[in-house]
Amino acid sequence: MLKTRRAQMDRDMVRRRHPEAGLEPRPSRRPGRPVQGLSQEDLDRLLYCARGDYGRFERGARTFRDEFLYAVGQILLLSEEEFTVMWAFARGGQPPHPLHPQIGLSNPEGWQRLLDGQREITYVTDFAWNVWMYNEPFQRMFQGGKAPKNTLEWMLLTDEARQTLIDWDKVWAPSVIAQMEGAVARHPEHATLSRIRRAVLADERTGPILRGLSQGALHPDGARRRLLHPEHGPGDVTMLAAMPYSTPQGRCITVIYDADEATGRTAN
């Protein structure tokens, strides 16, 4: 895969994008077999590594640090899927964060149609809880129908959430803060996560929870909690979380809400 991608690269374009690497123009006539695209030696220069290191990586002869793999993916303009495949062969498992975190869902129109056809509360975020898209039931979960731009910030730092999320201080906040800590550990330099964490730490209600945290969590999938819906009153919710293949660490969250009135439960 990498050899094919190297051959497809426009070397002049790469030289313009990375002038600091000092790639020289390729002579019009040179001995040996013509080289299409980028050579392994070119990658050595672009990656600022020892001569022959990229070739060792491509042959699987050595294990390299995470930063090396991300740099290869960026130079060769790999898609998220290609990068994930490369990572699996080179290191096993999945990369800790996307190669292109700023890129949203592929086929957003199709995803929005999927959400609009879903009767349950459903929304899609990135790994920092920034909301990309949502359906009408999600919008109606908030006072005045105003959906937040970031659900992490809303859940932890707004008065509305502290009233809407039943047992906020004992159930919701500790679990969400634990998820936040897991995300910050994986993305320590992410500006939005860092800003929200600072605000959580400074807040008089969330700060003590964060400082006394004794649990870990990565996602809310399967969690069952209580919620006060602004239109339908108190009820139970079941959280379901999924990840789009084309966008690693994006999140599609479905909240199945069952009102106490519909189930016959007596609200606490």
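Closest non-hydrogen pair, P96 versus D66, comes out as CG-OD2, 4.1 Å. Between P244 and G250, the shortest heavy-atom distance links the atoms CD-O, 3.6 Å. The shortest heavy-atom contact between A183 and W129 is CB-CZ3, 3.7 Å. Residues L76 and M9 come closest through the heavy atom pair O-SD, 3.7 Å. The minimum heavy-atom distance between M86 and V72, with the atom names listed, is SD-CG1, 3.9 Å. The minimum heavy-atom distance between I253 and A241, with the atom names listed, is CD1-CB, 3.6 Å.
A 4.5 Å side-chain heavy-atom check between L43 and F57 finds every atom pair outside the cut-off. Counting heavy atoms from C-beta outward, F64 and C49 have side chains that stay 4.5 Å or more apart. Residues T206 and R162 have side chains in contact (heavy-atom distance under 4.5 Å, counting atoms from C-beta outward). By the 4.5 Å heavy-atom criterion applied to side chains, L38 and L46 are counted as neighbours. Looking at heavy atoms from C-beta onward, Y70 lies in side-chain contact with F83 at the 4.5 angstrom threshold. Within the 4.5 Å cutoff, no side-chain heavy atoms of T254 are placed close to those of I121. Within the 4.5 Å cutoff, the side chain of W87 has heavy atoms near those of the L69 side chain. Proximity of R251 to D126: side-chain heavy atoms (C-beta onward) are nowhere separated by under 4.5 Å.
By the 6.0 Å contact criterion, OH on Y48 is enclosed, its count of non-hydrogen atoms from other residues, nucleotides or ligands being greater than 12. Under a cut-off of 6.0 angstrom, the local environment of CZ in R113 is sparse, with at most 12 non-hydrogen atoms contributed by other residues, nucleotides or ligands. Taking a 6.0 Å sphere around CD of Q8, one finds it holds more than 12 heavy atoms contributed by other residues, nucleotides or ligands. More than 12 non-hydrogen atoms from other residues, nucleotides or ligands lie less than 6.0 angstrom from CD of E20. The local environment of CD in E136 is sparse, with at most 12 non-hydrogen atoms from other residues, nucleotides or ligands closer than 6.0 Å.
Taken from CG in L99 to OG in S79, the straight-line distance is 8.5 Å, to the nearest 0.5 Å. Summarising the geometry, atom CG belonging to L2 is positioned 6.5 Å from atom CG belonging to L78; distances are rounded to the nearest 0.5 Å. The distance from the CG atom of L115 to the CD atom of E120 is 12.0 Å, given to the nearest 0.5 Å. Taken to the nearest 0.5 Å, the OH atom of Y123 stands 14.5 Å off from the CE atom of M133. Note that CG of L193 is 11.0 Å distant from CZ of R198, once rounded to the nearest 0.5 Å. To the nearest 0.5 angstrom, L152 atom CG is 7.5 Å from L157 atom CG.
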Would you mind writing out the side-chain donor-acceptor pairs for residues 138-149 within the sub-3.5 Å range, not counting sequence neighbours?
{"unit_1": "Q139", "atom_1": "NE2", "unit_2": "G145", "atom_2": "O", "d": "3.1"}
{"unit_1": "R140", "atom_1": "NE", "unit_2": "E231", "atom_2": "OE1", "d": "3.2"}
{"unit_1": "R140", "atom_1": "NH2", "unit_2": "E231", "atom_2": "OE1", "d": "2.9"}

Atom pairs and distances, donor-acceptor, side-chain atoms in residues 169-180, under 3.5 Å, two or more places apart:
{"unit_1": "W172", "atom_1": "NE1", "unit_2": "I166", "atom_2": "O", "d": "3.3"}
{"unit_1": "W172", "atom_1": "NE1", "unit_2": "R226", "atom_2": "O", "d": "2.9"}
{"unit_1": "S175", "atom_1": "OG", "unit_2": "Q179", "atom_2": "NE2", "d": "3.4"}
{"unit_1": "S175", "atom_1": "OG", "unit_2": "R225", "atom_2": "NH2", "d": "2.7"}

T63/R91 under side chain to side chain contact (heavy atoms under 4.5 Å, CB included): CA gap, chis, key distance, verdict: CA-CA 7 Å; T63 300; R91 300 290 297 276; 3.8 Å; yes
Which is it for E181 and R197 under the side chain to side chain contact (heavy atoms under 4.5 Å, CB included) test, yes or no, and what are the steps along the way? CA-CA 8 Å; E181 288 295 87; R197 189 184 189 279; 2.7 Å; yes
Report the C-alpha separation of R205 and W168 in whole Å, then their side-chain angles, then the decisive distance to 0.1 Å, and conclude whether the side chain to side chain contact (heavy atoms under 4.5 Å, CB included) test is met. CA-CA 11 Å; R205 295 188 65 182; W168 175 87; 3.7 Å; yes
Check the pair E82 / R5 against side chain to side chain contact (heavy atoms under 4.5 Å, CB included), numbers first and verdict last. CA-CA 10 Å; E82 290 169 333; R5 175 50 61 92; 2.9 Å; yes
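No single ILVMFWY cluster, assembled from side-chain heavy atoms under 4.5 Å apart, contains both M155 and L228. Placement of I256 and V124 in two distinct hydrophobic clusters is found when ILVMFWY residues are connected by side-chain heavy-atom separations under 4.5 Å, directly or transitively. Connection of Y134 to L240 is not established within any shared hydrophobic cluster, with ILVMFWY side chains joined at heavy-atom distances below 4.5 Å, either directly or through further cluster members.
Proximity of a side-chain donor or acceptor of T122 to a complementary backbone N or O of Q118 within less than 3.5 Å is not detected. Remark: the backbone N or O of H232 is paired with a side-chain donor or acceptor of Y257 at under 3.5 angstrom. The backbone N or O of I196 sits nowhere less than 3.5 Å from a side-chain atom of E153 that would complete a donor-acceptor pair. Not a single donor-acceptor pair under 3.5 Å links the side chain of D260 to the backbone N or O of G233.
Remark: of the listed residues R6, R11, R51, R11 is the sole one forming a salt bridge (charged side-chain N to carboxylate O under 4.0 Å, His left out) with D42. With D53 as the fixed residue, the salt bridge (charged side-chain N to carboxylate O under 4.0 Å, His left out) test singles out one of R45, R62, R59: R62.
Residues Y54 and E58 bring a donor and an acceptor atom of their side chains to less than 3.5 Å of each other. Residues N130 and N150 bring a donor and an acceptor atom of their side chains to less than 3.5 Å of each other. Side chain to side chain, R224 and T238 meet the donor-acceptor criterion of an N or O pair below 3.5 Å. There is a side-chain donor-acceptor pair under 3.5 Å between D116 and Q112.
H229 is linked by a side-chain hydrogen bond (donor to acceptor under 3.5 Å, both in side chains) to nothing, counting only residues two or more places apart in sequence or in another chain.
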